[in-house]
Amino acid sequence: MQRNALKKLKEWKNKRNRKPLILRGARQVGKTWLMKEFGRQCFQNTAYVNFDSNARMRRIFDEDYDVARILRMINIETGVRIEPGKTLLLFDEIQEAPKAISSLKYFYENAPEYAVIAAGSLLGTAIHEGVSFPVGKVESMDIYPMSFHEFLIAVGEEALAGLLTDRDYDSVNAFADKYVHWLKLYYFIGGMPEAVKDYVENGDVVTVREIQKQILSLYENDFGKHAPDTELARLRMVWNSIPIQLAKENRKFFFGQIRQGARAKDFELAIEWLQDCGLVGKVYRVEKPAIPLKAYVDFAAFKLFLLDVGLLGAMSDLDARSILEGNELFTEFKGALTEQYVYQQLIAETGYTPYYFSASSHTEIDFLVQKEGAVIPVEAKAEENLKAKSLRAYCDKYHPACAVRTSMANYRQQDWLLNLPLYAIENL
């Protein structure tokens, strides 16, 4: 597989004032594979420690922060000779060893010549439990499920992915039917690497759904193992409500959908826990579409998205035929999958922080992004329906420099908006 994060890791390796790097992300998004593949490509050898399955190495970090001693112990444990510039040190599931997290500060201060990468699936929850985090002494990188671009490469469609990279929209339009075919499959398969790998090898969507269900079960098991007992019931209620929340025409998160009479303060910690695990993401409403968007955030109003579109389909028990062929019963939820997909691509591919805007029922904009001193409204459409009443009303009132409608329709520039195909949203 090809992951875009490998390029970022190579850039990190060559930095002059390199700090230890922490990879953050949910379980099963490919952090371990990414670290090891980076080590294979860019170093002579790799010393790998998994703290989840190695109690001895956890104890080694409990003693003190003497980097020389720690390196000797890692050498003995892994059998790998550790040399600056030649050896990559990998600390996996580092949230299981709080002192190892703290030790990264001393690697940076006392042994910066060593390349160190740590990864943690539940790192955010560990920090909330009082772990001393080496602020300013480490860098961090968020790892997400595979994007649609990465998915295209995985299924052998490098040429289609290349057209998107080159922004060759005449050619992209010519192959629109192929892009739509793969996009619908991506809606079902999603970007979890294990699910993508299995589909590439076997082409069986039934097995893909079994893998997705196993991943969801793994996440739910983590709730019982790692979540505070006081939050466990609320956490499961929030988690199970996500498909319901996104199925509404207005996808704003309503606490009343969790249970009657529910209040925000009752579920804030549960939502925060899910965010810290990388399982959900918030898109906040802004009260005014102005620069900087962050200054106009309404923290009381937000949409809550899942980490992966394929997992959303699995949680909702959507069958492959409904997604690939479509039917009348599926029409309404198709908008939820589309918005989930666009959110996922925005955070994984563009680097933008998405917000949304709602002033009235006539000016509800799915996403706003801040780009080069301008606010860009983005409306997501599930099919080729080109009606954009909300977007038109928004443009008439706020006169943005550019407005984007993303749909299954071909790329084209109109006088007041750009129609960007859903499969090309990476180019926003």
Side-chain angles (χ1 to χ4, degrees), residues 5-6 8-27 29 31-143 226 276-278:
L6 276 171
K8 296 179 182 177
L9 289 176
K10 291 172 183 178
E11 292 171 355
W12 167 81
K13 177 180 184 289
N14 295 321
K15 281 185 176 180
R16 186 169 56 86
N17 294 318
R18 183 184 62 207
K19 299 177 182 179
L21 179 66
I22 294 179
L23 302 185
R24 302 179 301 195
R27 286 191 190 276
V29 296
K31 298 186 299 299
T32 300
W33 178 89
L34 190 61
M35 293 191 301
K36 290 183 174 180
E37 180 65 13
F38 172 57
R40 187 187 69 80
Q41 290 187 20
C42 299
F43 291 83
Q44 289 185 15
N45 46 53
T46 299
Y48 175 80
V49 175
N50 187 323
F51 292 108
D52 189 39
S53 58
N54 194 326
R56 177 167 54 237
M57 292 307 293
R58 292 199 297 268
R59 290 194 295 271
I60 282 169
F61 283 83
D62 286 339
E63 187 172 327
D64 59 39
Y65 296 122
D66 182 343
V67 173
R69 180 190 64 82
I70 291 171
L71 290 173
R72 284 198 304 273
M73 297 301 102
I74 294 174
N75 167 235
I76 294 170
E77 178 69 22
T78 64
V80 175
R81 184 178 180 183
I82 301 170
E83 301 176 89
K86 298 180 180 180
T87 306
L88 177 62
L89 292 169
L90 299 181
F91 299 155
D92 209 353
E93 300 297 352
I94 196 171
Q95 77 279 351
E96 301 296 336
K99 293 293 183 66
I101 298 174
S102 301
S103 77
L104 298 178
K105 169 185 176 181
Y106 300 94
F107 272 96
Y108 172 65
E109 292 179 344
N110 302 330
E113 65 273 21
Y114 292 97
V116 184
I117 299 181
S121 302
L122 299 163
L123 191 57
T125 63
I127 293 169
H128 280 293
E129 291 167 4
V131 173
S132 176
F133 191 79
V135 177
K137 309 297 181 181
V138 296
E139 299 179 46
S140 61
M141 183 188 301
D142 291 314
I143 306 300
H226 301 284
D276 288 339
C277 294

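Residue numbers count from 1 along this sequence.
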Got F43 and T87 here, is their nearest side-chain heavy-atom distance under 4.5 Å?
->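 Result no, sub-4.5 Å side-chain heavy-atom pair not found.
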Test item: I94 and L104 side chains (from C-beta on) under 4.5 Å apart, heavy atoms |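 Yes, at least one pair of side-chain atoms sits under 4.5 Å.
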Qualifying residue, where the test is side chain to side chain contact (heavy atoms under 4.5 Å, CB included) with V49 and the options are R56, E93, M57, M73 =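 The side chain to side chain contact (heavy atoms under 4.5 Å, CB included) with V49 is passed solely by M57 among R56, E93, M57, M73.
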Distance from [X] atom [atom1] to [Y] atom [atom2], nearest 0.5 Å?
| X | Y | atom1 | atom2 | answer |
| --- | --- | --- | --- | --- |
| Y114 | E83 | OH | CD | 8.5 Å |
| I101 | E96 | CD1 | CD | 9.5 Å |
| K36 | L88 | NZ | CG | 11.5 Å |
| M35 | K31 | CE | NZ | 8.0 Å |
| I117 | F91 | CD1 | CZ | 11.0 Å |
| I70 | Y65 | CD1 | OH | 8.5 Å |

For R69, look at atom CZ and say whether over 12 heavy atoms of other residues, nucleotides or ligands are found less than 6.0 Å away.
->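 Yes, enclosed.
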Less than 4.0 Å between a side-chain N and a carboxylate O, is that true for R40 and E37?
->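 Salt bridge present between E37 and R40.
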Would you call K137 and E109 a salt bridge, using N to O less than 4.0 angstrom?
->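 Yes.
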Not counting sequence neighbours, which residues clear side-chain hydrogen bond (donor to acceptor under 3.5 Å, both in side chains) with K10? List them please.
->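 Counting only residues at least two positions away or on another chain, K10 forms a side-chain hydrogen bond (donor to acceptor under 3.5 Å, both in side chains) with Q41.
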Any donor-acceptor N/O pair, W12 side chain to K19 backbone, under 3.5 Å |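 Confirmed, W12 side chain pairs with K19 backbone.
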When you measure from the side chain of R18 to the backbone N and O of V116, does any donor-acceptor pair fall under 3.5 Å?
->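 Pair absent, no side-chain N/O of R18 close to backbone of V116.
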